[in-house]
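Working notes for the structure below.
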Amino acid sequence: MVEVSPRDGLQNEKASISTADKIELIERAIAGGSRRIEVTSFVNPRTVPQMADAEAVCAGLPQRDDVTFIGLVMNRRGADRALATGRIDQLGAVAVATDTFAMANQGQSSDGSIDAAKEIVAAARDAGKTGQVTIGAAFGCPFEGEVAEDRVIGMARALAEAVPVEIAIADTIGVADPARVTSLVMKLRDAVPHVPVRVHFHNTRGTGIANVWAAVLAGAVSVDASIGGLGGCPFAPGAAGNVCTEDVLYMFERAGVRTGLDLASLIETNHWLSGLMGRSLPGMVAGAPPFPKSI
Ligand code: ZN
């Protein structure tokens, strides 16, 4: 599992979260067993003010050889910033499936975003790091509506030429359903069989956790999730939070899927984060009675 709360979770929050609190969130995630964490994004601070302290967050990251710190970047400039910190192990690039959302999210066409993502992956490799790509709006676009599976598969084939360590499909606005997830993950595995598949779901319409399960059964090997189910996208109207780490973990544990995460620890972090935000968070397991009682 990839913990995305420090980036996707916080980026849409109106109240400014201090750098120290972001670092504590990352430290708590590590204490709860997270070994891949999206720690920040290197984007224009005027468009995403919550991520303006990307370099400061990186400077405060704990020294851990066993944790992969991921920085999200949209272009070469962002990649250079991330690599210059010396603390980012993996660059996460984003290619968007539709022109309208690509323009809103990163100011370029869909094809332009593919080229940029390939350049970012190459920059990561040149620097001795790894790069991966997320295909945004893979299940639907807030502006254009339906997205054809063939478009996403075509993008994955093009992106695979840059040899990313992983390709993710993201349901940026939470419109996916398990049947489509099964179909798209299987087609992706057929199209780029040598590239591991990660999935990224938002729970805007309640299908998030069902989509995670469908994706894993279809062969996805990594799942993005956010402590408390925090999250959203400043460029996608109405987008709700990511699937909740504790909820996904509960499902996996009951199903015998091992993740290395510790549920009790993450529930404690949910309560801490909820206190920080001054409101209860969308995730459900942290508010439910423990089951079995020993947890
Ligand atoms: Zn997201």
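By convention here, the first residue in the shown sequence is residue 1. Side-chain atoms are counted along with the backbone in the values below, which use heavy atoms only and exclude waters and symmetry mates. Numbering of ligands and ligand atoms starts at 1, following listing order.
The Zn ion (ligand 1) sits nearest to atom OD2 when only the N, O or S atoms of D8 are considered. If you look at H202 and ask which of its N, O or S atoms sits nearest the Zn ion (ligand 1), the answer is NE2.
In this structure, the side chain of R189 engages the main chain of A218 through a donor-acceptor pair within 3.5 Å.
The number of heavy atoms from other shown groups lying within 6.0 Å of CZ (R81) is above 12.
When D224, N211, D8, T207 are each tested for a side-chain hydrogen bond (donor to acceptor under 3.5 Å, both in side chains) with H202, only one passes: D8.
K22 approaches L10 most closely through the heavy-atom pair CG-CD1, 3.7 Å.
Note on D224: not counted as a metal contact of the Zn ion (ligand 1), no N/O/S atom lying under 2.8 Å.
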